[in-house]
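Right, one structure below, let's go through it.
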Number of protein chains: 2
Amino acid sequence: MVTLKDIAKHANVSVCTVSRYLSAGMVVKKETEKRIQLAIKELGYVPNVVAKALKRKETFNVAVILPKINNLYYSEITSGISQTLGKHNYNLYIYEVDNLSLTEHEILQLMRENMIAGIIFVGLFSDRSFQESIHSVLEWNIPVVYANRCIPYAGFPLVYPDLTKASKLGVQYLLSQGKDRIAFVHKHLPDHLLEHFLDGFRQASNGEHQPMVIEIEEGMDLSKDCIPGLVQNHINGVFVLNELSAVYLTKALVQANIRVFEDMAVLSLGNSLMSEISTPELTCVDLQNRELGIRSAEIILSQIRKEELEPVTVLEPSIVRRQSA
Amino acid sequence: MVTLKDIAKHANVSVCTVSRYLSAGMVVKKETEKRIQLAIKELGYVPNVVAKALKRKETFNVAVILPKINNLYYSEITSGISQTLGKHNYNLYIYEVDNLSLTEHEILQLMRENMIAGIIFVGLFSDRSFQESIHSVLEWNIPVVYANRCIPYAGFPLVYPDLTKASKLGVQYLLSQGKDRIAFVHKHLPDHLLEHFLDGFRQASNGEHQPMVIEIEEGMDLSKDCIPGLVQNHINGVFVLNELSAVYLTKALVQANIRVFEDMAVLSLGNSLMSEISTPELTCVDLQNRELGIRSAEIILSQIRKEELEPVTVLEPSIVRRQSA
DNA sequence: TTGTATGCGTTATCAC
DNA sequence: GTGATAACGCATACAA
């Protein structure tokens with residue numbers, strides 16, 4: 001392994017000078033610079049980032065902690081993060097908690113051991129899996145971002161989509177299509193989040209009436225347990241707050257000979273490839289997942305550089321019109 | 001930051017003893033052990049992996065290099081890798097080449113600078129993007145696995161699905177469903193790989209006749225440019241060698257009022273969530289992507305431990321029957 | 001069983 | 001501008 005010392009010797013300068021040359025911005029005489037460059041090329045020098053990290057007490061590694069990576073929802077976000085980090089020459093660690101069988105605390109321990117520069121926790125806005133980590137994180141005082149957790153500011157930066165706006169946008173759209181009997185279908189959405197959607201509904205419908213709310217349980221048969229209720233209540237527009245559920249509900253409607261859109265419009269929350277390949281193609285409220293990742297990464301980088309930053313970043317959703325609504 | 005030295009002082013032993021205690025397997029007197037444990041707990045010691053890496057000249061970081069992560073094909077593989085690495089306490093770096101605008105050479109440079117323990121290159125079996133890296137990798141002599149590249153053994157470990165078998169299985173299946181006029185539809189599949197599929201076809205059909213072969217070009221309109229050809233040639237079974245294309249072709253068939261399965265069976269290569277949510281649901285040949293990831297990671301770990309290893313691992317595909325064929 | 005001393009490759013603090 | 005020299009936190013050869 002070729003080290004600074006080797007090229008220093010080869011170029012007849014001190015180790016320190018070489019180090020200075022390599023640290024961009026430092027001034028070195030033109031002539032010694034030439035010799036150093038030559039030595040580096042001739043000996044095939046490769047800098048050792050690990051040694052540098054030990055000395056500087058900082059790495060260029062950012063960790064993303066998420067439930068699972070093989071899910072378009074998370075991988076879109078991750079890709080956004082990856083793009084931004086790459087642009088700034090930071091490396092990206094991935095930790096899948098569903099896969100790892102490690103507790104939050106153990107993961108944080110791991111982060112400290114590895115001198116991680118920053119952590120981005122990515123969760124579904126409905127999940128509670130990162131709850132217990134908060135305490136440890138705050139006392140450790142490492143750059144952290146919570147992405148996609150729609151909770152009030154609690155001492156660490158947050159990036160999430162505006163759920164109330166998403167709801168309002170969706171309901172307005174359904175209304176504009178003549179769908180005035182609306183149901184929300186969700187899967188394990190906690191009450192405080194559901195409240196955002198009900199708020200959005202009120203704003204869009206001038207508080208005239210209440211929407212129907214249905215929760216999809218694990219292992220529930222949509223055609224038997226969900227659709228009859230929709231029909232009996234003369235629902236003509238259903239806003240599904242989970243993209244995959246929207247796909248399956250649409251499937252079930254088609255199978256039940258209910259015309260999607262004409263008889264019952266389906267609006268999906270989330271806009272991945274799934275909505276596009278579903279039949280009929282799903283109209284949806286795009287939560288801007290890639291953008292979410294990009295912003296999260298930017299905020300982590302700001303923190304690392306100790307710059308000023310917005311504690312809360314709220315993303316604007318938008319409607320993507322396709323066939324189902 | 002609490003270091004070994006600190007807890008050594010606090011426990012009235014030497015740094016060396018503490019280090020020994022921490023390196024599992026080393027023997028320390030019961031009584032000093034107690035004191036060390038106490039010191040660690042009281043001072044809140046966190047080991048420094050970076051310093052350890054510098055000293056030992058090895059990290060526990062494995063890099064996965066792939067085109068993009070927000071693609072179920074790659075993320076399935078990655079999740080398999082993540083699972084295995086996590087089990088063995090290795091960390092996972094992700095580098096998206098499509099996102100990074102780095103050349104192969106630059107990425108390898110990065111790997112060396114960071115003292116990466118091993119690299120897993122993940123590509124589509126049809127892509128050529130990792131071609132130029134081979135040379136540098138070989139001369140550097142770092143643990144490497146090429147995952148999903150169906151090429152002959154070339155000096156580094158390979159893990160890929162048995163494409164000929166996949167083809168044979170698929171064609172046999174179509175034949176068993178009475179679909180005897182078969183077409184292969186692919187997208188940018190190089191000739192040497194297409195050859196595997198033609199081989200599989202011959203094996204399954206006793207070499208009676210040739211299948212029709214259609215390539216999907218970028219921006220091609222399936223309904224206009226592909227389906228008419230299929231119909232004119234009285235094709236009744238099409239084997240699509242790309243899952244997303246299978247989804248879109250199925251969509252186009254439905255739209256053209258051609259009954260999927262009865263009039264034309266569609267068999268897809270690859271078995272992600274996409275096949276499941278497509279309408280009709282796609283029967284497919286599962287290439288075992290998660291398993292591919294798991295095996296790739298295992299092979300990297302074997303190399304890191306300098307164990308014996310199989311240079312080539314070939315995965316067995318299997319049929320997953322759904323509705324489209 | 002435990003301690004001492006040295007070095008991993010780099011950056012930083014001084015002098016010159 | 002440049003050069004000694006001392007850290008960074010840990011592991012290990014060797015001595016005790």
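As a basis for the values below, the full set of heavy atoms in this structure was taken, side chains included, without hydrogen atoms, waters or symmetry mates.
Taking atom NZ on Lys57(B) and atom C1' on dC10(D), their separation rounds to 13 Å, with Å as the unit. Spacing between atom OH of Tyr21(B) and atom P of dG9(D) amounts to 21 Å, rounded to whole angstrom units. Put simply, CG on Asp6(B) is 10 Å from C1' on dG9(D), counting in whole angstrom units. In this structure, Met1(A) places its CE atom 11 Å from P of dC8(C), rounding to the nearest Å. Here dT2(D) presents its P atom at 14 Å from CD1 of Ile7(A), a figure rounded to the nearest Å. The CD1 atom of Ile36(B) sits 13 Å away from the P atom of dC10(D) (whole-angstrom rounding). Atom CG in Leu54(A) sits about 13 Å away from atom C1' in dA12(C), given to the nearest Å. Taking atom CD1 of residue Ile40(B) and atom P of nucleotide dG9(D), one finds them 16 Å apart after rounding to whole Å.
For Thr17(A), whose side chain is taken as the heavy atoms from C-beta onward, the closest listed nucleotide among dA13(D), dG3(D), dG1(D) is dG3(D). The side chain of Leu4(A) lies closest to dT11(C), out of dT11(C), dG9(D), dT12(D). Here the nucleotide nearest the side chain of Lys29(B), chosen from dT12(D), dC8(C), dT2(C), is dT2(C). Listed candidates were dT10(C), dT11(C), dT4(C). Nearest to the side chain of Arg56(A) is dT11(C). Distance from the side chain of Val28(A) is smallest to dT2(D) among dT2(D), dA4(D), dT12(D).
Taking side-chain N and O atoms only, Thr32(A) has a distance below 4.0 Å to OP1 or OP2 of dT2(D). Of the side-chain N and O atoms in Lys52(B), none sit less than 4.0 angstrom from OP1 or OP2 of dC8(C). Remark: Lys55(A) is not in phosphate contact with dA6(D), judged by side-chain N or O atoms under 4.0 Å from OP1 or OP2. In this model, the phosphate group of dT2(C) is not approached by any side-chain N or O of Ser14(B) to a distance below 4.0 Å at OP1 or OP2. Contact between the side-chain N/O atoms of Tyr45(A) and the OP1/OP2 oxygens of dT10(C) is found at a separation under 4.0 Å.
Using a 4.0 Å heavy-atom criterion, one finds that Thr3(A) contacts the sugar-phosphate atoms exclusively. If you check every strand for non-hydrogen atoms under 4.0 Å, Val13(B) touches sugar and phosphate atoms only. Lys5(B) comes within contact range of no nucleotide atom at all, as no heavy-atom separation falls under 4.0 Å.
No donor-acceptor pair under 3.5 Å is formed between the side chain of Thr17(B) and the backbone N or O of Val13(B). In this structure a side-chain-to-backbone donor-acceptor pair under 3.5 Å is present from Asn99(A) to Ser79(B).
For Glu310(B), the CD atom is loosely surrounded, since the number of other residues' heavy atoms within 6.0 Å does not exceed 12.
Between Pro47(A) and Val15(B), the residue anchored nearer the 5' end of DNA chain C, judged by the nucleotide with its closest heavy atom, is Val15(B). Along DNA chain C, the nucleotide nearest Arg20(B) and the nucleotide nearest Arg20(A) are compared for position; the residue whose nucleotide lies closer to the 5' end is Arg20(B).
Ring-plane geometry between Tyr93(B) and Tyr93(A) is classed as parallel, the angle between the planes falling under 30 degrees on a 0 to 90 degree scale with a further cut at 60. Classification of the Phe121(B)-Tyr146(B) ring pair by plane angle, with boundaries at 30° and 60°, yields parallel.
Under the 4.5 Å side-chain criterion, counting only non-hydrogen atoms from C-beta, Thr78(A) is in contact with Ile94(A).
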